*Asks:* 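This structure is in structure tokens; I'll ask about it shortly.
Proteins come first, then strands; the chains are lettered A, B, ... in the order of their sequence lines, and each starts at number 1. Because the structure is a prediction, the values reported are computed rather than measured.
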Amino acid sequence: MPVRGRVFVGERLQLAREFNDLTQKGVGWQVAASHALVSQYETGKRKDPTHDLVEAFADVLGFRPEFFYETVNDAFREEECSFRHRRSTPERLKTQIRAHATLLGMVIERLSSHFKFPAIYVPKIPASTPEEIESAAEQSRRHWNLDLEGPILQIGRVLERAGVIIVPHVVPSTKVDAFSRNGATTVIFLNQSVRSTSRWHFDIAHECGHLVMHAGMSTGDEETETAANRYASAFLMPRNAFARDFRTVPFSWRHIFDLKGRWRVSAAAIVKRAYDLGLLGAVGYRRAFQYMSKMGWRTNGEPQEPEFQPPELLVAALNGLGSRVDMTLQGLCEGLHFAPETFEKVTGVRVPELKVNPVDVICFPSAAQS
Amino acid sequence: MSPLLYKSFMSLHFEPWSKYPPLLPERLRIVAGIIRDVRRETVALHEADAGDNEWSLGCRVYARTVHAFQEAAEKFEWLTILPEYEKPLRFTFAIGSVPIRFYRGEAGDPPGNYVSVSYAELYQQQLALQIDGIRLVDQILRLAVEVDEKRDVSGVSVVEIDKQGSVTETYKIPFDVELETVAPLRSKPIDVPPPQLEPVKNQDERKKLKGRHAGSR
């Protein structure tokens, strides 16, 4: 029930609408209002929607009416977010993901009062030239007590231990690989609808590059994306150790896939790294990519994908509800004023229906007994 | 002469540097290394599916080896490239004052066209005599590049050939690092422990964390 005397927050209406990938016109049509009216409520030009209209907004958008009467403490602003995406990614998809992230931020904020999440421990090292980026990646490894020699088996854990929450989100689009946010809650969203574990490893390292090198900077342009790619390569495959491995035997695809299994990155990333480090000439590099295209690996995915350690922090917190802390999943969902199906969309975790305890049920006496 | 017979004429342990002082072991190893590495890199680029064949591979290996020698000649003062004006594709180099050519084939069976002496080589032989007192009139030197079934270099030998084209001495150059004997030095993968998530114990701690989340985190 909307609480009398409390202010309707238009920003929350916009957030809920964007999360559902609806236009103002689309929402207006569903609640039998004009798009202009929806716009006025969102921008705060009108502040007093009727009880029925709020109920309709809540029903259509998958929230409880109370959701619209609380402030947005920590909105994911555009300048805080980095998207690893294709150039053709629609702006609307990015908006939807940002809304999803903001809702997830609300979940994490609430969980933070019940669990001690690791404190943020990400180095800030601005870098732009290849040498600076290589150095930033090496410094990052040292910062997290990782030597400069070995492949990292669980890249996600490195970030999660540093307080970055990784969310395996499902976006029905392969146009966005990953997304990160460097703010009060630092999050990496991983698009697992792109079915490639080697890419997920690289995506996490790429977003890590943005968090390390581009704090407070606007990203998404070619320069910052190239820098983040170089960082990811350098972080996952430190130059000396990788060069030593690469040179052990002459170039062959068998060797590349052997390296792929060891370094847990794609064959394409290995070939690119070898080229960047001067271990493979321009002709060899071009040939290798031609071969990969011919084999269909660039479009249909590569063979011999490595194992992937799924993100653990958020799942551990959600699974710990009810058992490790005095809050249940249902309680969390209700406190956030999310509909159960919305909670599932946001977190990937289903809210179980409350089971009725038979002891609490008083049976009507049967006809025979009476 | 059959390859089996030539061996009977050879001394037991031919050491090129004792007869031809500029052919020091370390220099020979560098030269053999260039030949081996260039071939290995070129073989990696071979694409039979795209139309490459043994002829194209041979041409490419030869051109790249010549190029690598030219680059090495700028680095090592003991290595020079001889100008072959009569046949520009012929490649002759000199270690110190000693002229040498290389061919692909067995050490005991040099191809006929590699037994002939060009004007550039003849001129260098005279210089060897004048500079180092090395008499090369009756002998010529070649490097035999032997290749295995994977098309990689299996061995490079110094071959001494007499006027009649018969092999009189051979010496197999040891590589600095034998590829087959190198066990890959691989560092251990880093196994990262899972992140720790502790429940908040009491109300005070909860308030403190809430404040931290909204502020500095």
*Asks:* Considering only heavy atoms and a distance below 4.5 Å, find which of L197(B), V43(B), D37(B), D191(B) pairs most often with chain A.
*Replies:* L197(B)
*Asks:* Please check if atom CD in E77(B) has more than 12 non-hydrogen atoms from other residues, nucleotides or ligands closer than 6.0 Å.
*Replies:* no
*Asks:* Compare every heavy atom of S112(A) with every heavy atom of V200(B), then report the nearest pair and how far apart it is.
*Replies:* CG2-O, 4.4 Å
*Asks:* To the nearest 0.5 Å, tell me how far E312(A) CD sits from Q196(B) CD.
*Replies:* 10.0 Å
*Asks:* How about K116(A) and P199(B): do any of their side-chain heavy atoms sit closer than 4.5 Å?
*Replies:* no
*Asks:* Mark yes when over 12 heavy atoms from residues, nucleotides or ligands other than H143(A) sit less than 6.0 Å from its NE2; otherwise mark no.
*Replies:* yes
*Asks:* Got a sec: does the OH of Y275(A) have more than 12 other heavy atoms crowding it under 6.0 Å?
*Replies:* no
*Asks:* Is K124(A) atom NZ crowded by more than 12 heavy atoms from other residues, nucleotides or ligands, each under 6.0 Å away?
*Replies:* yes
*Asks:* Check this for me: Y119(B), atom OH, are more than 12 non-hydrogen atoms of other residues, nucleotides or ligands nearer than 6.0 Å?
*Replies:* no
*Asks:* Would you call D147(A) and I190(B) a side-chain contact if the rule is heavy atoms closer than 4.5 Å?
*Replies:* yes
*Asks:* Show the nearest heavy-atom pair for residues R60(B) and R287(A), with the distance to one decimal.
*Replies:* NH2-NH1, 3.7 Å
*Asks:* Side chain from CB out, backbone as N, CA, C, O: work out which of these in R286(A) comes under 4.5 Å of a heavy atom of chain B, or both, or neither.
*Replies:* neither
*Asks:* Which heavy atom of R157(A) sits nearest a heavy atom of V192(B), and at what distance?
*Replies:* NH1-O, 2.8 Å
